Protein chains: 2
Amino acid sequence: MKEEQSLFANYLKSKGLKMTSARRTVLRAFIKSEGHLSAEDLLAAAKKIDPGLGQATVFRTLKLLSDAGLAQDACQEEGPRRYEHVYKQSHHDHLICIGCGKMIEFCHPEIEKAQNEIFKKFGFRGTGHKLELRGLCADCARKLDEENK
Amino acid sequence: MKEEQSLFANYLKSKGLKMTSARRTVLRAFIKSEGHLSAEDLLAAAKKIDPGLGQATVFRTLKLLSDAGLAQDACQEEGPRRYEHVYKQSHHDHLICIGCGKMIEFCHPEIEKAQNEIFKKFGFRGTGHKLELRGLCADCARKLDEENK
DNA sequence: ATGATATTGATAATCATTATCAATTAATTT
DNA sequence: AAATTAATTGATAATGATTATCAATATCAT
Ligand SMILES: [Zn+2]
Ligand SMILES: [Zn+2]
Ligand SMILES: [Zn+2]
Ligand SMILES: [Zn+2]
């Protein structure tokens, strides 16, 4: 928490940007948050700290947090963009049930390794990736089978 | 081509929907297309066949093609949704340069295999996945290094 | 051909995000 | 500590992509 604070502060200073109370508010709300949250979610959380906060500021600050390496956009389901913590957070990918929306986070080392091979093969300097597996969870698969019976 | 025609016709019939000239136009334009195209792209192509075609129809038909299994949405870069052929097309994933936008399609069997393991591990019935690797191509990496020199 | 129903294109509406801008605030310099 | 400079803010308008609405039209099983 304190660490994320100073990481963000350093980032801002390095870019000639200012640490403001609005940004502190958004950062605090983001740090307290969990999972994948949209700008709207974060605005709601931040307004509990400062009701006067504007929504544009949340969009702007979320982008800064992303540039600063504190946030990254999580799986791109339909709907608004969603962010999650990246600082001190282990990398993971997402498995989503297209029936009920349930989401599972996982990390598969071999996939990660294979991705590096791809980068090398095509002469790329890898910076990241997004992997999203989609399917039916056991419950939803069963339900579907019964319906089609 | 003829095959995609009849696949689509069958899909429509199975859903109680109608094969119309507008849908035939969109399908023809889609079949002739290559790569990843947006609704706007497809509208432009389809208007060359029938200038009176409405854009809403393209959005609607693209969704139908997707439901029918002829199209799927390709990598989700910023901007509008993009579709690509799926019928008789081998599966592939995408490698994108964040510098110049260059995109490479690849398929890595081990990644595919590992994904099936994940599905099994969590009791899912897999239906698909989207993997997007991001990085700098050799050219862009070199340019960046020189700038930061 | 007839009738029931799906479809069309035009248009308005929606949703998420960005741009604009005058007033305010933060960091620097005196 | 005040003045200076430039970035930031919140409100609001604008944008871009997509979806909803609806009266007129086209399709298809009968
Ligand atoms: Zn996650
Ligand atoms: Zn489920
Ligand atoms: Zn592709
Ligand atoms: Zn490049």
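We name chains A, B, ... by the order of the sequence lines, and we start the count at 1 in each one. Computed from a prediction, not measured in an experiment: that's the story for all the values here.
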Undergrad: When you compare the side chains of A:Glu84 and A:His36, does any donor N or O come within less than 3.5 Å of an acceptor on the partner?
TA: yes
Undergrad: Is the phosphate of C:dT8, meaning OP1 or OP2, less than 4.0 Å from a side-chain N or O of B:Arg23?
TA: yes
Undergrad: Ignoring hydrogens and angles, does a donor from either the side chain of A:Lys18 or the base of C:dT25 sit under 3.5 Å from an acceptor on the other?
TA: no
Undergrad: Output the rounded distance in Å from CG (B:Leu43) to C1' (D:dT18).
TA: 13 Å
Undergrad: Measure the distance from CZ on B:Phe59 to P on C:dG9 and round it to the nearest whole Å.
TA: 14 Å
Undergrad: Whole-Å distance between D:dA17 P and B:Asp73 CG?
TA: 16 Å
Undergrad: Does any N or O in the side chain of A:Thr61 come within less than 3.5 Å of the main-chain N or O of A:Val58, such that one atom is a donor and the other an acceptor?
TA: no
Undergrad: Any salt bridge linking B:Lys130 with B:Glu132? Criterion: basic side-chain nitrogen under 4.0 Å from a carboxylate oxygen.
TA: no
Undergrad: Can you tell me how far P of C:dT7 sits from NZ of B:Lys13, to the nearest Å?
TA: 14 Å
Undergrad: To the nearest Å, how far apart are B:Leu12 CG and C:dA6 P?
TA: 13 Å
Undergrad: Under 4.0 Å from OP1 or OP2 of D:dT8: is there any side-chain N or O of A:Thr20 that close?
TA: no
Undergrad: Donor-acceptor check, side chain of B:Ser38 to backbone of B:Asp41, threshold 3.5 angstrom: yes or no?
TA: yes
Undergrad: Kindly assign one of parallel, tilted or perpendicular to the pair A:Phe8 and A:Tyr11, based on the angle between their ring planes and the thresholds 30° and 60°.
TA: parallel
Undergrad: Assign each of A:Glu40 and A:Ala56 to its nearest nucleotide of DNA chain C by heavy atoms, then name whichever residue's nucleotide is nearer the 5' end.
TA: A:Glu40
Undergrad: B:Arg82 CZ to D:dT18 P: how many Å, rounded?
TA: 10 Å
Undergrad: Ignoring backbone atoms, establish whether A:Lys63 has a side-chain N or O less than 4.0 Å from OP1 or OP2 of C:dT18.
TA: yes
Undergrad: Round to the nearest Å and state the distance from A:Gln55 atom CD to C:dA19 atom C1'.
TA: 13 Å
Undergrad: Taking the side chain of B:Leu17 as heavy atoms from C-beta outward, which of C:dA6, D:dA11, D:dT18 is closest to it?
TA: C:dA6
Undergrad: Map B:Arg60 and B:Arg24 onto DNA chain D by nearest heavy atom, then report which one ends up closer to the 5' terminus.
TA: B:Arg60
Undergrad: Tell me the interatomic distance from A:Arg81, atom CZ, to C:dT17, atom C1', rounded to whole angstroms.
TA: 8 Å
